[in-house]
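Excluded from the calculations below are hydrogen atoms, water molecules and symmetry mates; all remaining heavy atoms, backbone and side chain alike, are included. Counting begins at 1 with the first residue of the sequence.
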Amino acid sequence: MDEREQQRLEELAERRRPALEIRKEMAGLQDKKYRESRKSLATSKEQVQCLLGQWSEAADQHLAGEPIPVDLHKYSGLDQSGYGDNSTNRFIDGVHQQIIQAVGDRDTHKYLWVTQRQDGMVVTVGQTSFKKVLHKGKESTSNRDDLFKQLKRPSGTASMVLWHYPSDQTDAEINEYLRTYLKWAWIIPVNLDRATDGATDRQKISRLETKLGDYLIRKNVPILNFYSHRI
């Protein structure tokens, strides 16, 4: 990364929620920074897990337990319908049960998440929630969490992922590339009953999301969707 690019990266880092074109530009700079400095940055699965664990410990009045790993490659290959053993619904239910065990039973569960692609780069920092539901008379959990939504155009993250992708690829090739782009997710369950920063649950989870993303940036972790965590 040359001096001009470094200056541009530092300039863009001060913005909060810029327009999509700026977010794409920043994604390109973050990707280049990652690729050129990969060996000296904390980007492996284990390194990111360690950083998230340290952040969780420092914020233990708000959070519960260790970060929970989720294999998104495994998830992307499961049956998209039904509730069989190899279905995405069953997979998500299993993840939800780990969150429930960490923070206790309640109607709505909120959590923070961080995704990594195959080569280790952090892609997005976010937050989402799920609720308990009844499915055919049995208690289950909803599966509308943002974390488990497939990357699709024209979403912001997908646009950034495809910024430097060859333009001559077919729709099927692009969709397959997006389907398998994310490798790992880390979930941090949040006990909002203990959170004091914010008047509502929505404010509390949003502020924790911002703090988590800014913490990773301070630790020199490149994030492809750099502004995803900012209010």
Side-chain angles (χ1 to χ4, degrees), residues 1-2 5-52 55 67 69-73 75-76 112-128 145-167 169 173-188 206 209-231:
M1 181 173 290
D2 60 31
E5 290 172 323
Q6 183 62 39
Q7 289 176 346
R8 182 61 173 164
L9 187 149
E10 293 172 1
E11 174 193 341
L12 294 182
E14 298 302 316
R15 305 194 184 187
R16 301 307 296 175
R17 294 286 293 191
L20 181 57
E21 289 306 310
I22 295 296
R23 294 165 65 192
K24 288 180 180 179
E25 179 186 356
M26 185 57 150
L29 292 170
Q30 290 285 312
D31 183 75
K32 186 170 184 178
K33 174 183 176 181
Y34 173 76
R35 293 180 186 277
E36 291 183 353
S37 307
R38 183 173 170 183
K39 292 182 180 180
S40 62
L41 298 173
T43 51
S44 73
K45 176 189 172 187
E46 292 76 16
Q47 288 171 314
V48 171
Q49 179 184 21
C50 181
L51 285 176
L52 295 178
W55 184 81
V70 179
D71 187 340
L72 293 178
H73 265 196
Y75 170 76
S76 69
L112 304 170
W113 52 268
V114 176
T115 54
Q116 288 180 273
R117 65 190 189 190
Q118 183 69 42
D119 66 357
M121 184 177 187
V122 170
V123 177
T124 304
V125 177
Q127 54 92 0
T128 190
D145 319 24
D146 289 343
L147 172 61
F148 295 106
K149 291 179 180 178
Q150 176 64 48
L151 284 179
K152 290 183 179 179
R153 297 169 291 173
S155 75
T157 298
S159 297
M160 292 169 219
V161 168
L162 296 173
W163 181 241
H164 296 295
Y165 191 72
S167 59
Q169 302 299 299
E173 289 171 327
I174 292 173
N175 291 335
E176 179 63 15
Y177 178 72
L178 290 173
R179 186 182 72 82
T180 60
Y181 186 78
L182 299 175
K183 171 57 180 172
W184 289 103
W186 297 99
I187 286 175
I188 302 178
S206 294
E209 175 190 12
T210 299
K211 289 178 180 179
L212 175 57
D214 286 348
Y215 167 81
L216 292 176
I217 291 169
R218 289 196 303 273
K219 292 296 183 179
N220 203 29
V221 176
I223 302 174
L224 189 77
N225 191 348
F226 184 84
Y227 306 98
S228 61
H229 64 284
R230 295 188 170 175
I231 299 172

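Under the salt bridge (Lys or Arg N to Asp or Glu O under 4.0 Å) criterion, Glu11 pairs with Arg8, Arg15, sequence neighbours left out. Under the side-chain contact (heavy atoms from CB on, under 4.5 Å) criterion, Lys183 pairs with Asp71, His73, Gln118, sequence neighbours left out. With sequence neighbours left out, Thr157 forms a side-chain contact (heavy atoms from CB on, under 4.5 Å) with Val123, Thr124, Leu151, Val161, Asn225. A search for side-chain contact (heavy atoms from CB on, under 4.5 Å) contacts involving Glu14 returns nothing, not counting sequence neighbours. The salt bridge (Lys or Arg N to Asp or Glu O under 4.0 Å) search around Arg23 returns none, not counting sequence neighbours. Remark: Glu173 pairs with no residue by the salt bridge (Lys or Arg N to Asp or Glu O under 4.0 Å) rule, at least two apart or across chains.
Of the residues Val114, Leu52, Ile187, the one that meets the side chain to side chain contact (heavy atoms under 4.5 Å, CB included) test with Pro67 is Leu52. Applying side chain to side chain contact (heavy atoms under 4.5 Å, CB included) to Ile217 and the options Asn220, Asp214, Val221 leaves one that passes, Asp214. For the side chain to side chain contact (heavy atoms under 4.5 Å, CB included) with His229, the qualifying choice from Leu212, Leu112, Val125 is Val125, the only one to do so.
A donor-acceptor pair under 3.5 Å is absent between the side-chain atoms of Arg16 and the main chain of Arg230, judged by distance alone. For the pair Gln49 (side chain) and Trp186 (backbone), a donor-acceptor distance under 3.5 Å is absent. Side-chain N or O atoms of Gln116 include none that pairs as donor or acceptor with a backbone N or O of Trp184 at under 3.5 Å. Under the 3.5 Å distance criterion, the side-chain polar atoms of Tyr177 are left unmatched by any main-chain donor or acceptor of Gln169. Side chain of Tyr75 to backbone of Val70: no donor-acceptor contact under 3.5 angstrom is found. No donor-acceptor pair under 3.5 Å is formed between the side chain of Thr128 and the backbone N or O of Asp145.
We find the CZ-CD1 distance between Arg179 and Ile174 to be 15.0 Å, quoted to the nearest 0.5 Å. Here the CG atom belonging to Leu29 is positioned 9.0 Å from the CD atom belonging to Gln6, to the nearest 0.5 angstrom. Rounding to the nearest 0.5 Å gives a distance of 8.0 Å between CG of Leu182 and CD of Gln150. If you take CZ on Phe226 and CG on Asp31, they are separated by 14.0 Å, rounding to the nearest 0.5 Å. Here the CH2-CG distance, from Trp113 to Asp146, works out to 6.5 Å after rounding to the nearest 0.5 Å.
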Q: Tell me, with the steps shown, if Leu9 and Gln30 meet side chain to side chain contact (heavy atoms under 4.5 Å, CB included).
A: CA-CA 8 Å; Leu9 187 149; Gln30 290 285 312; 3.9 Å; yes
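Between the side chains of Tyr181 and Arg117, a donor-acceptor pair is found at a separation under 3.5 Å.
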